[in-house]
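Down below is the structure, laid out as structure tokens.
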Amino acid sequence: MSTVTRFAPSPTGLLHLGNIRTALINWLYAKNSGGKFILRIDDTDQERSKEEYISQIKYDLEWLGIDFDETFNQSSRFERYREEFEKLKSAGRIYACYETPDELERTRKLQMAAGGKQVYDRSALELSDQQKKDYELEGRKPHWRFLLQTERMRWNDLLKGEIDIDLTSLSDPVLFREDGVPLYTFCSAVDDIDFNITNVIRGDDHTSNTAVQIEIINALDKNKISFAHHALLKASSGDKLSKRDNVISIDSFREENIEPISILSLLSTIGTSKSIELKDSIQQIIDEFRLDTISTSPGRIETDVLKALNKKQVQKFEYDEVKTRLDKIDTNIDQKFWNTIKGNLDTVEDVAAWTDVVFKNNSFETEDKDYINLALELMPDEPWDDQTWTVWTNDIKERTGRKGRELFLPLRLAFTGLTHGPEMKLLIQLIGRNKILERTKN
RNA sequence: GGUCCCUUCGUCUAGCGGUUAGGAUAUCUGGUUUUCAUCCAGAAGAUCACGGGUUCGAAUCCCGUAGGGACCGCCA
């Protein structure tokens, strides 16, 4: 049977390095085994879910090159959840509860103070028909809980190994809210069955939840899903990754002109036993993917590494690959320009900083006037080639006796206004004789 | 408080009873580029969280302690 994986974000915030990693792992797992990848939007909570986040999530995935074979919103399947719910109800696995959130909160606090388990006490199970009727007359509506019957839930987690959860330490999950809205724990179980999901790979934050879900799945059908839980990523500060932390949102990286392949390269190697390096292509990442290289201990993300990877990618780019982007900055940027400058860039768009250096008619202050004037006297006529600079500076060297830094830095400074940059023998060809004269006029 | 998990160079990690504890990245040094970056060569960097036990022998197995993470919702 071919694999089916899914990524199920709730559209309540932007995608960041942490949750996109989960998406990537699921996608890679599917791709690597010739399976299917489904994007499921977990939007049952209509108050917190926002349409703009749905489109943002899809756009981010697309931008990164993570495509999906199928997508749907949980909000379109309320009827189906109701149907399955009725099934469980007639099987006696569901019971009505009438506590208000306040009452539940109070009980929890009491339990905490007493040092006991903070687990729902199932007092609704004792309710007589008359008591329920009284509640309804009071205007209370029931919410519905699933009766957990397993004491210990065990499964072989593809990443964490044998897991053994004490289900008595967990509350009976609420499946339907008082207002009739089904909750994630249930919807997810129904969907995973209906869409024939074979592998659920998700963050460690779902581990104990999985125990509950397996029991629900078993009550509906028979669980055939393999679960895998990877460790969560931490920020470089050591703090947890937050949806509100826009410093690491995919959106912010796109705005900083970080390449998708740089992000993908980082995400497919960080927190794994693989070398942290820039990958040539998405295909390479797919081919090299192995679930068992992913670590079970929480690692931290160093965003500097992402910048370094991106720099490498920029230097790899051939002119044709970035031509349209360069044209947007300045149509005068040609292949020679790009090849000369790209080694000095962190992002493709940083090239903008060099258009002035090459094209603009500005002049720079120089303290070494006599030296520069001598250099200009010796400046060869055009056309210039790769040898011009060497010939020229050799002349200057002979006439002045200068060498090394003393010889070259004043020239660079006078011609470009900068103390660093691409090789001068290439750069002067871009700038040209006229502009050099212009810049050193006064 | 309960439940589950984690702890090896700065960082990400390999390691499954006998290794000079390996790699990647970052750092430093030298060379190349007469700059910066790249590239090449090399160096430094880990009392394997701590304590105890099992064993001829423990990073590796067991117990405890400490630290970290996750969850304990009518969120997902």
Side-chain angles (χ1 to χ4, degrees), chain A residues 8-13 19 42-45 47-49 74 97 99-101 104-105 108 111-120 141-145 157 159-161 163-171 173-185 187-188 202-212 229 231-234 236 238 240 243 266 269-277 293 295-302 304-305 308-309 311-312 314-315 342-346 389-390 393 397 403-409 411-413 416 418-425:
Chain A
S10 67
T12 55
N19 42 34
D42 283 7
D43 60 348
T44 51
D45 189 342
E47 275 163 39
R48 299 199 316 145
S49 299
Q74 285 193 321
C97 301
E99 298 90 347
T100 64
L104 289 171
E105 183 61 27
R108 264 195 295 273
Q111 283 173 327
M112 178 134 63
K117 289 183 175 181
Q118 293 170 64
V119 171
Y120 178 62
K141 282 187 186 147
H143 58 275
W144 305 88
R145 284 185 196 264
D157 195 281
L159 279 168
K160 297 173 74 156
I163 302 285
D164 183 0
I165 302 267
D166 178 7
L167 268 182
T168 65
S169 72
L170 265 26
S171 299
V174 175
L175 264 37
F176 268 75
R177 298 201 312 210
E178 174 197 304
D179 61 5
V181 172
L183 261 15
Y184 161 79
T185 310
C187 302
S188 183
R202 68 221 303 201
D204 197 26
D205 50 340
H206 283 282
T207 306
S208 34
N209 195 259
T210 295
V212 174
H229 294 86
L232 267 17
L233 256 21
K234 291 187 291 181
S236 42
K240 74 179 263 183
K243 282 190 181 181
L266 176 72
T269 54
I270 192 120
T272 76
S273 53
K274 298 221 268 297
S275 299
I276 300 166
E277 63 183 12
T293 60
S295 167
T296 50
S297 60
R300 52 180 72 192
I301 282 191
E302 305 281 345
D304 286 352
V305 177
L309 291 177
K311 194 183 175 78
K312 286 209 169 90
V314 171
Q315 290 171 10
K342 69 177 179 183
N344 289 70
L345 307 176
D346 288 331
W389 178 251
T390 313
T393 51
K397 191 196 280 179
K403 56 180 182 179
R405 199 181 172 81
E406 258 208 312
L407 174 71
F408 294 99
L409 197 60
L411 300 176
R412 177 182 286 280
L413 211 50
T416 70
L418 299 168
T419 55
H420 64 91
E423 279 189 74
M424 282 303 279
K425 74 170 188 182

Task: Nucleotide opposite B:G57 in a Watson-Crick or G-U pair, distances under 3.5 Å - done: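 The base-pairing partner of B:G57, which may sit in any strand shown, does not exist here.
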Side chain of [X] only, heavy atoms from C-beta on: which candidate in [options] is closest?
X: A:S171; options: B:A76, B:G68, B:G73; answer: B:G73
X: A:Q315; options: B:G2, B:U38, B:C72; answer: B:U38
X: A:N344; options: B:A37, B:G73, B:C36; answer: B:C36
X: A:I165; options: B:C4, B:U33, B:C75; answer: B:C4
X: A:E178; options: B:U3, B:C74, B:C71; answer: B:C74
X: A:I163; options: B:C5, B:C74, B:A76; answer: B:C5
X: A:D205; options: B:G2, B:U13, B:A70; answer: B:A70
X: A:S275; options: B:A76, B:G23, B:U13; answer: B:G23
X: A:S169; options: B:A37, B:C36, B:G2; answer: B:G2

Is any side-chain nitrogen or oxygen of [X] closer than 4.0 Å to OP1 or OP2 of [N]?
X: A:S297; N: B:G68; value: no
X: A:R108; N: B:G73; value: yes
X: A:R177; N: B:C75; value: yes
X: A:R48; N: B:A76; value: no
X: A:T296; N: B:C5; value: no

TODO: Spell out yes or no: do the side chain of A:N209 and the base of B:C71 have one donor N/O and one acceptor N/O closer than 3.5 Å?
DONE: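 Between B:C71 and A:N209, which were checked side chain against base, a qualifying N/O pair under 3.5 Å is absent.
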Open item on the list: Any N or O donor-acceptor pair under 3.5 Å from the base of B:C74 to the side chain of A:H143?
Closed with: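 Answer is yes: a donor-acceptor pair is held.
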Taking [atom1] from [X] and [atom2] from [N], how many angstroms apart are they, rounded to a whole number?
X: A:E302; N: B:A26; atom1: CD; atom2: P; answer: 12 Å
X: A:K160; N: B:U3; atom1: NZ; atom2: P; answer: 15 Å
X: A:L159; N: B:A70; atom1: CG; atom2: P; answer: 18 Å
X: A:I270; N: B:A26; atom1: CD1; atom2: C1'; answer: 12 Å
X: A:L409; N: B:U33; atom1: CG; atom2: C1'; answer: 15 Å
X: A:D166; N: B:C71; atom1: CG; atom2: P; answer: 19 Å
X: A:I301; N: B:A24; atom1: CD1; atom2: P; answer: 22 Å
X: A:K234; N: B:G69; atom1: NZ; atom2: C1'; answer: 7 Å

Task: From CA spacing to verdict: salt bridge (charged side-chain N to carboxylate O under 4.0 Å, His left out), A:D43, A:R48 - done: CA-CA 8 Å; A:D43 60 348; A:R48 299 199 316 145; over 6 Å; no
Task: Comparing A:L407 and A:R300 on RNA chain B - which has the more 5′ nearest nucleotide - done: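 Comparing both residues, the 5'-ward one is A:R300.
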Check nucleotides 40-49 of chain B against the protein and report each pair of N or O atoms closer than 3.5 Å, with its distance, or say if there are none.
none

